[in-house]
Protein chains: 2
Amino acid sequence: MANKPLILLIEDELAIRRFLRLALSSDSFRLEEAETGRKALLMAAQEKPDLVILDLGLPDMDGQDLLRQFREWLQVPIIVLSARDQEKQKIDALDGGADDYLTKPFSTGELLARIRVALRNANRISSGADSSTFEQGDLKIDFASRRVFACETEVHLTPLEYKILTLLARQSGRVLTHSFLLKEIWGHHNIQETHYLRVHMANLRRKIERDSAQPKHILTEQGIGYRLASE
Amino acid sequence: MANKPLILLIEDELAIRRFLRLALSSDSFRLEEAETGRKALLMAAQEKPDLVILDLGLPDMDGQDLLRQFREWLQVPIIVLSARDQEKQKIDALDGGADDYLTKPFSTGELLARIRVALRNANRISSGADSSTFEQGDLKIDFASRRVFACETEVHLTPLEYKILTLLARQSGRVLTHSFLLKEIWGHHNIQETHYLRVHMANLRRKIERDSAQPKHILTEQGIGYRLASE
DNA sequence: TTGATTCCTAACTATGTTTTTAAGATGATG
DNA sequence: CATCATCTTAAAAACATAGTTAGGAATCAA
């Protein structure tokens with residue numbers, strides 16, 4: 001957030017884009033616009049906005065899907081706009097990672113106030129940390145494109161392996177317990193199956209460690225869980 | 001946030017209190033209620049809620065005033081309820097420190113979803129900030145990564161050793177009796193096996209003391225127990 | 001249907017941890 | 001200063017946890 005926060009507006013209707021352009025690109029914000037979900041994903045990865053305003057009713061993609069895709073790697077606040085005032089949709093969006101939900105028509109004043117709230121929260125959370133990529137020694141994760149590099153080359157991870165690795169990376173340094181990992185990845189039914197972890201950790205290490213017998217990234221805490229090296 | 005988050009509901013109308021009591025005090029939340037602003041301020045200070053729901057239209061105090069008073073010292077999210085859908089009031093509340101604003105009538109589902117969003121944000125904030133460590137002379141414990149440093153290097157502790165050390169560290173300076181330590185670590189069956197302690201204390205000292213014959217950290221109180229030096 | 005991919009299963013090996021045992025050191029007490 | 005209880009240390013035995021590997025079921029796209 002160099003100076004003015006950058007807002008990414010994702011909205012297909014020209015009229016509303018015009019309206020919001022007037023309201024937002026004052027002297028307090030910079031504004032980028034995308035008319036489609038596909039373009040929005042690209043722009044979010046490139047421009048690293050400080051906040052996203054997302055209209056749920058895009059023509060090319062399902063809004064909930066798009067929201068979910070964003071939330072796999074994007075940490076910044078997302079304010080959802082929607083023409084429909086349906087309770088279920090609201091709840092799904094909020095639980096799917098949206099920070100706020102506004103039903104059209106809304107006043108610019110309210111939208112601006114809610115943007116200020118979202119940015120206020122975001123500032124408290126991460127002062128400056130760019131979390132769309134993780135880098136540690138020869139290991140690099142690009143969350144936006146879901147790609148992982150290690151030992152000077154790109155490595156291919158299965159969906160499960162990627163999920164495990166990103167869980168560890170998002171809290172790198174911290175020890176994640178067996179039960180936490182099992183619950184997050186396999187659900188609470190499988191909270192006992194620690195051997196799932198063992199085999200997948202072994203596979204992950206084979207892919208991202210120089211010497212999987214002496215792991216430098218994925219460290220095990222006997223009897224407790226695993227931790228991704230940081231620093 | 002011990003287990004279930006504690007919500008403080010500030011609302012004068014009995015009907016709405018009843019309604020929200022039903023909606024909120026399910027198995028996910030604990031609920032405290034206050035009918036007046038004065039009582040609310042007292043309760044918030046005493047009970048340390050994880051989230052506040054504040055009706056702006058209280059009889060004894062101006063809502064905006066109350067909100068401002070809360071925000072002078074209260075960090076937790078505040079969700080504002082109001083009967084009126086006035087833009088100015090909304091903006092004032094949001095800029096005054098409220099995290100969300102709901103106009104009556106609203107659905108319980110939406111309220112619950114917005115509570116989840118607020119708690120989610122609050123959790124991200126507090127979990128990022130807690131990088132709690134213990135430090136005493138050349139001994140350092142990082143609780144998040146479960147790492148221990150002594151004599152200028154990282155030392156590897158077994159789960160048992162780590163548990164013993166953190167028990168001592170969390171109450172450093174205080175003497176922990178044999179029976180207390182045995183009960184905490186091995187359970188009350190083994191409350192007699194003081195030699196367990198001796199063996200593991202010896203191992204711990206070998207790892208974290210410069211000279212285990214003259215321990216500077218783990219001090220023994222003959223016939224009583226052990227104590228971790230402080231200051 | 002085939003082939004590729006991913007994930008689970010299970011048996012096996014390797015490594016680490018805890019308990020047991022026992023001998024030597026220290027400190028308190030009369 | 002002799003004795004007893006308490007503590008330290010070391011090392012082996014018993015136990016628990018983690019890593020490796022490969023085969024086969026399930027899924028999915030060509």
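Every chain is numbered from 1 and lettered A, B, ... according to where its sequence line falls, protein lines coming before strand lines. Values in this document were obtained by computation on a predicted structure and should not be read as measured data.
- In this structure, B:Asp211 places its CG atom 14 Å from C1' of D:dT9, rounding to the nearest Å.
- The rotation axes computed at either terminus of the helix from C:dC8-D:dG23 to C:dG30-D:dC1 lie 30° apart, taking five pairs at each end and rounding to 10 degrees.
- B:Tyr162 comes within contact range of no nucleotide atom at all, as no heavy-atom separation falls under 4.0 Å.
- At whole-Å resolution of the value, CG in B:Asn203 and P in C:dT20 are 15 Å apart.
- When the nucleotides D:dG19, C:dT17, D:dT21 are ranked by their closest atom to the side chain of A:Arg206, D:dT21 comes out on top.
- Taking every side-chain heavy atom of A:Ala202 into account, D:dG19 is the closest of D:dT9, C:dT18, D:dG19.
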Item to complete: Run the numbers on A:Asn203 and A:Arg206 for side-chain hydrogen bond (donor to acceptor under 3.5 Å, both in side chains), then give the verdict.
Response: CA-CA 5 Å; A:Asn203 292 336; A:Arg206 182 144 17 103; 2.9 Å; yes
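- Of the candidates D:dT8, C:dG16, C:dC7, D:dT8 carries the atom nearest the B:Thr220 side chain, counting heavy atoms from C-beta on.
- Contact between the side-chain N/O atoms of B:Arg198 and the OP1/OP2 oxygens of D:dC7 is found at a separation under 4.0 Å.
- Contacts of B:Glu110 classified as side chain to side chain contact (heavy atoms under 4.5 Å, CB included), with partners at least two apart in sequence or in another chain: A:Lys90, B:Leu102, B:Ser107, B:Arg114.
- When all heavy atoms of A:Lys207 and A:His156 are compared, the pair lying nearest together is NZ-O, 3.1 Å.
- Contact check, A:His156 against C:dT5: no side-chain N or O comes under 4.0 Å of OP1 or OP2.
- Following rounding to the nearest Å, A:Glu193 (CD) and D:dA18 (C1') show an atom-to-atom distance of 16 Å.
- Closest to the B:His200 side chain, of the nucleotides D:dT20, C:dT18, D:dT8, is C:dT18.
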Fill in: Candidate pair A:Glu11 and A:Arg18, rule salt bridge (charged side-chain N to carboxylate O under 4.0 Å, His left out), full reasoning
CA-CA 10 Å; A:Glu11 168 68 64; A:Arg18 280 225 186 97; over 6 Å; no
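- No side-chain heavy atom of A:Thr36 sits under 4.5 Å from any side-chain heavy atom of A:Met61.
- One atom, CE of B:Met201, and another, C1' of D:dT6, lie 15 Å apart when rounded to the nearest Å.
- For A:Ile224 and C:dT17, the CD1 to C1' distance is 12 Å, given to the nearest whole Å.
- The closest side-chain heavy-atom distance from A:His217 to A:Leu168 is not below 4.5 Å.
- Distances from the side chain of A:Leu160 to the nucleotides D:dT20, D:dA18, C:dC7 place C:dC7 closest.
- Per the geometry, CD belonging to A:Glu161 stands 13 Å off P belonging to C:dT5, to the nearest Å.
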Could you tabulate the donor-acceptor pairs under 3.5 Å formed by side-chain atoms of residues 181-190 of chain A, not counting sequence neighbours?
none

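- Atom-to-atom distance recorded for B:Leu9:CG and B:Leu20:CG is 5.5 Å, nearest 0.5 angstrom.
- If you check D:dG19, C:dT20, C:dT18 against the side chain of B:His195, the one that comes closest is C:dT20.
- Rounded to a whole Å, the CD1 atom of A:Ile164 is 13 Å from the P atom of C:dT6.
- The shortest distance between the side-chain N/O atoms of B:Thr194 and the OP1/OP2 oxygens of D:dT6 is not below 4.0 Å.
- The side chain of A:Tyr196 sits closest to C:dT9 out of C:dT21, D:dT8, C:dT9.
- The side chain of B:Tyr226 sits closest to D:dC7 out of D:dT21, C:dT18, D:dC7.
- One interatomic measurement links the two molecules: NZ of B:Lys163 to P of C:dT18, which rounds to 10 Å at whole-angstrom precision.
- Within the structure, a side-chain polar atom (N or O) of A:Trp186 is placed less than 4.0 Å from OP1 or OP2 of C:dC8.
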